[in-house]
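One structure below.
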Amino acid sequence: MNREATLRDYYQAMLAALGPSRWWPGRTPFEIALGAILTQNTAWTNVEKAMHALRESGLLDPRALARLTDEELATFIRPAGAFRVKAARVRNFLLFLHRTCDLDMDGLRGETVETLRPALLEVSGIGPETADSILLYALGLPSFVVDAYTRRILNRHGLVPEDIAYGELREFFMDVLPPDPALYNEYHALIVRTGKNWCAKRQGKCPDCPLAVFLEEFSPLTCTGKSIIPHP
DNA sequence: CTCCGGTCGT
DNA sequence: ACGACTGGAG
């Protein structure tokens, strides 16, 4: 298969069906990075509750957040779940910002994916997906974000193995797509929107999915990963 | 591989 | 009631 053409076709199909996503416009880099940590294995609606609580108290700012104790922080982000773990992770990220840019993410402008990505991965609590989300959505750097939906959709379409590693799947996109942050931003956003609405873990809703045209056939009743017949 | 965890849809 | 949710660490 021509991977580049295939990935562009998938992108166009989702864009045509869903329209542009406009993810995280008008938000500060720190707010976006914070959201990226809080949303780990968590529905975004829960993250919004936590972000709202922080906003109401004027805490969507690294210098303000840094003054809280771990316990206070945990209380604010409680609706996001795993709040004790995430409080520690936010703390580690704040320490990272203190070290690298004096708690001002504008100071990270000028960094590249090659230098900043490994540095972020050194922070306990920031794994590959969170790092790429921060690079792409907070800093506008061309680092493709891979998530559970990306793996599930591509696997169910027979394009990649189910157990493909994060880095391999990221390169599956980055090897053939130009390093365009706007393209990466919209592509991942479209995948998440498509995944959330049509590609649930248990049972997909393939008949109405924007990507259904790429399946040779499928069973409407048992539209799970294994029941989809991969296209050639 | 297991735990973290409140919240929401089924 | 039950499992999934834009993961990551020990």
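Just the heavy atoms: all of them, side chains too, but no hydrogens, waters or symmetry mates, feed the values below. Chain identifiers are assigned alphabetically (A, B, ...) following the order of the sequence lines, protein sequences preceding nucleic acid strands; residue numbering begins at 1 within each chain.
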Pairs satisfying side chain to side chain donor-acceptor pair (under 3.5 Å), at least one member in residues 185-196 of chain A, at least two apart:
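Those involving residues 185-196 of chain A are A:S21-A:E186, A:S21-A:R193.
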Between A:Y166 and A:D132, does a side-chain hydrogen bond (donor to acceptor under 3.5 Å, both in side chains) hold up when you go through it step by step?
CA-CA 11 Å; A:Y166 183 96; A:D132 290 330; 2.6 Å; yes
Which residues share a side chain to side chain contact (heavy atoms under 4.5 Å, CB included) with [X], sequence neighbours left out:
| X | value |
| --- | --- |
| A:D180 | A:A182, A:L183 |
| A:D163 | A:P161 |
| A:E72 | A:L68, A:T69 |
| A:S124 | A:N92 |

Let's see if you get this right: which residues in [range] place a heavy atom under 4.0 Å from DNA chain B?
| range | answer |
| --- | --- |
| residues 42-56 of chain A | A:T42, A:N46, A:K49 |
| residues 81-93 of chain A | A:G81, A:A82, A:F83, A:R84, A:V85 |
| residues 115-132 of chain A | none |

Please give me the minimum heavy-atom distance between [X] and [Y], naming the atom from each residue.
| X | Y | answer |
| --- | --- | --- |
| A:A80 | A:A50 | CB-CB, 4.1 Å |
| A:R117 | A:S143 | NE-OG, 4.0 Å |
| A:F172 | A:L7 | O-CD1, 3.6 Å |

State, with a plain yes or no, whether a side-chain heavy atom of [X] is found less than 4.5 Å away from one of [Y].
| X | Y | value |
| --- | --- | --- |
| A:C199 | A:R156 | yes |
| A:F30 | A:L94 | yes |
| A:S133 | A:E129 | yes |
| A:I126 | A:F96 | no |
| A:W198 | A:C206 | no |

Flag, side chain of A:R84 to backbone of A:A74, donor-acceptor distance under 3.5 Å:
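Side chain of A:R84 to backbone of A:A74: no pair is present.
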Would you grab the first and last nucleotide of DNA chain C (5' to 3') that comes under 4.0 Å of any non-hydrogen atom in chain A?
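Span of nucleotides near chain A: C:dG3 to C:dA9.
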Using a strict heavy-atom distance below 4.0 Å, which residues from residues 168-182 of chain A are in contact with DNA chain C?
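None, since no heavy atom is under 4.0 Å.
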Indicate, with a heavy-atom threshold strictly under 4.0 Å, whether A:A80 touches base, sugar-phosphate, or nothing.
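Base, at least one base heavy atom under 4.0 Å.
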Within the 4.0 Å heavy-atom criterion, would you say A:R152 contacts the bases, only the backbone, or no part of the nucleic acid?
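Contact class for A:R152: sugar-phosphate only.
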First and last nucleotide of DNA chain B touching chain A, 5' to 3', heavy-atom cut-off 4.0 Å?
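Contact span on the strand: B:dC4 to B:dC8.
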Using the C1' atom on both, measure C:dC5 against B:dC4 and round to a whole Å.
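It comes out at 13 Å once rounded to the nearest Å.
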Checking side chain to side chain contact (heavy atoms under 4.5 Å, CB included) against A:L159, which of A:I164, A:L169, A:L154 comes through?
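Looking at A:I164, A:L169, A:L154, the match for A:L159 under the side chain to side chain contact (heavy atoms under 4.5 Å, CB included) is A:L154.
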Partners of A:W24 by ring-ring contact (aromatic ring centres under 6.0 Å, His included), sequence neighbours excluded?
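Only A:W44, A:Y137 meet the ring-ring contact (aromatic ring centres under 6.0 Å, His included) criterion with A:W24.
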